[in-house]
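The structure appears right after this line, and notes come after that.
Throughout, numbering of the chain's residues begins at 1 and tracks the sequence. Predicted model, so just to flag it, every value in this text is computed and none were measured.
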Amino acid sequence: MTDSQRSLLFNVREEIKLIFEGEGSGHDWWHIYRVTETAISLAKKENANLFLVELSALLHDLGDHKLFKEENAQEVLIANLLNKYSCSQELISEVLDVVKGVSYKGAKTITNPISLEGKIVQDADRLDAIGAIGIARAFAFGGHHNRLLYSPEEKAELHENFESYKNSKGHTINHFYEKLLLLKDRMQTNTGKELAKERHQYMESFLSQFDKEWNGVIN
Ligand code: ADP
Ligand code: NI
């Protein structure tokens, strides 16, 4: 990596920290930090472009539809930030290609990034949505949006498209069936698949314990 690449990464990291510091719905700076660290580890294992992976991971939630409501927020905010540091248009479009493919869009909408770097950032983001941290984030999101922990009357729905997924307002346990338990089989890299297995099992055992406690089962 060159000195100017290193210095860009440092500056972008500082800017992103300030933007996401206080975010309370599970997309705070530490989410970006974890995704970036995981993405770097995956990139080393998978021999990917480390600079592009780190930069894209840092920027992956900037302009995301859940947090920023303006049209084309992702393109605009990422391009503005990178232009501030005189990045080439080529680099800006490479980063946009990676981050556009990252977000989950519902059970029946498959988004498969094409580049290795895109696959890595998507895997890293999804790994942070499962396992112990994934469970914590799901309930933090639910609390932030006034959702119930669980309601036995409301069944999970495998959303046909992004619109219906985006507008769903179900309880948080449903989110496991609508997204979190589906992620293991949607990992793109071999390293991601391996890491997902343990985190998946942890969620399965959490859900069976939750069920037991919900129904007052004693044994
Ligand atoms: P992505 O990063 O793929 O776009 P999201 O931004 O939708 O994923 O999700 C970010 C975090 O918020 C994840 O941990 C996710 O599980 C959680 N989350 C998103 N939607 C819900 C929901 N309806 N209920 C509970 N948690 C949610
Ligand atoms: Ni994310």
E37 bridged to R34 by N-O distance under 4.0 Å: no
Pairwise distance NE2(H60) to CD(Q74) - rounded to 0.5 angstrom: 9.5 Å
Worked verdict on D125 versus H31 for side chain to side chain contact (heavy atoms under 4.5 Å, CB included): CA-CA 8 Å; D125 191 39; H31 161 66; 3.1 Å; yes
Residue list, side-chain hydrogen bond (donor to acceptor under 3.5 Å, both in side chains) with E204, at least two apart or on another chain: H200
I16-L9 co-clustered via ILVMFWY side chain contacts under 4.5 Å: yes
Lys/Arg N to Asp/Glu carboxylate O, D123 vs R126, below 4.0 Å: no
Atom of K179, atom of A129 and distance for their closest heavy-atom approach: NZ-CB, 4.2 Å
Aromatic ring pairing W214/F210, orientation class (parallel under 30°, perpendicular over 60°, tilted between): parallel
What pairs of donor and acceptor atoms, side-chain ones from residues 44-52 against any protein atom, are under 3.5 angstrom apart with sequence neighbours left out?
residue, atom, partner, partner atom, Å
E46, OE2, T191, N, 3.1
E46, OE2, T191, OG1, 2.4
N49, OD1, F51, N, 3.1
N49, OD1, L52, N, 3.0

Residues that L158 engages under side chain to side chain contact (heavy atoms under 4.5 Å, CB included), provided they are two or more places apart: A107, K108, L182
Smallest separation among heavy atoms of V53 and I40, with atom names: CG1-N, 4.3 Å
Qualifying residue, where the test is side chain to side chain contact (heavy atoms under 4.5 Å, CB included) with L81 and the options are V95, L62, I92: L62
Atom pair CG (L58) and CH2 (W29), whose distance is rounded to the nearest 0.5 Å: 5.5 Å
Minimal non-hydrogen separation, L180 against I130, with atom names: O-CG2, 3.5 Å
